[in-house]
Amino acid sequence: MLTRMPKPAASMPSAAAAILAAIRAVPRGQVAGYGTIARRAGLPGRARLVARVLSGNTDRELPWHRILRSDGRIAFPPDSPAFAEQCLRLRADGVEVRNGRVRLPREDSLDAAVWSPR
DNA sequence: CTGATGACGGCGC
DNA sequence: TGCGCCGCCATCA
């Protein structure tokens with residue numbers, strides 16, 4: 001049966017793959033926190049790992065701009081070019097960005113519930 | 001092995 | 001809301 005998933009091993013390369021998959025699964029117009037992505041990837045408590053993976057990512061197709069800090073703030077210094085680009089890409093998605101911050105969906109929303117079976 | 005670093009998170013004030 | 005402190009994880013000097 002496929003009922004059992006392998007135990008989460010953060011050090012294995014597939015961890016990064018799971019993270020990338022979780023990020024790719026965030027639909028346009030929506031956003032998620034680093035910690036949320038980590039959980040969706042089966043790596044609870046590895047928010048910083050998500051950040052690490054993203055920092056090494058080169059795929060322009062990856063919706064990296066939809067990943068924000070838990071408080072809805074963009075994780076870049078407000079004066080950095082990355083910050084500016086993330087702002088643009090978010091708005092291109094139709095997301096409202098106020099002062100480098102967006103309205104992050106509550107974790108207990110339906111969408112989150114579907115994603116995080118626990 | 002110890003200490004520093006980073007696209008983090010939660011809590012307290 | 002803003003800020004600081006501390007905890008956590010993985011990597012690197």
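Hydrogens, waters and symmetry mates are skipped; everything else that's a heavy atom, side chains included, is used. Within every chain, numbering begins at 1; the chains are lettered A, B, ... in the order of the sequence lines, protein sequences first and strands thereafter.
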| Nucleotide dC9(C), atom P - distance to CD1 of I37(A) in whole Å | 19 Å
| note | From CG of L49(A) across to C1' of dG7(C) the rounded distance in Å is 17 Å
| task | Mark yes when over 12 heavy atoms from residues, nucleotides or ligands other than N99(A) sit less than 6.0 Å from its CG; otherwise mark no. | result | no
| task | Could you check R48(A) against R52(A) and say which one's nearest nucleotide on DNA chain C is further toward the 5' end? | result | R48(A)
| remark: Nearest heavy-atom contact between C87(A) and V97(A) is SG-CG1, 3.6 Å
| query | Partner of dC8(B) by Watson-Crick or G-U wobble geometry, both contacts under 3.5 Å, or none? | reply | dG7(C)
| field | Nearest-Å distance for atom pair CG/C1', residues D71(A) and dG4(C) | value | 14 Å
| note | What one should report as the nearest heavy-atom pair of P27(A) and R66(A) is C-NH1, 3.5 Å
| note | Among the nucleotides dC8(B), dA7(B), dG2(C), whichever has the atom closest to the side chain of L54(A) is dA7(B)
| Side-chain N,O (R73(A)) to OP1/OP2 (dC8(B)) below 4.0 Å | no
| task | Measure the distance from CZ on R98(A) to P on dT1(C) and round it to the nearest whole Å. | result | 11 Å
| task | Round to a whole Å and report the spacing from CZ of F83(A) to P of dA7(B). | result | 15 Å
| said: Can a donor-acceptor pair be found, under 3.5 Å and without considering hydrogens, that links the side chain of S14(A) to the backbone of A17(A)? | reply: no
| message | I want to check one thing: is the phosphate of dA7(B), taken as OP1 and OP2, less than 4.0 Å away from some side-chain N or O of S55(A)? | response | no
| Of the listed nucleotides dG2(C), dC9(C), dA7(B), the one nearest the side chain of R101(A) | dG2(C)
| Could you give the CD1-to-P distance, from I74(A) to dC8(B), as a whole number of Å? | 12 Å
| field | Separation of atom CZ in F76(A) from atom P in dG6(B), rounded to whole Å | value | 13 Å
| message | Within the 4.5 Å heavy-atom criterion, are E85(A) and R89(A) side-chain neighbours or not? | response | yes
| task | Would you mind reading off the distance between L43(A) atom CG and dC8(B) atom P, rounded to a whole angstrom? | result | 17 Å
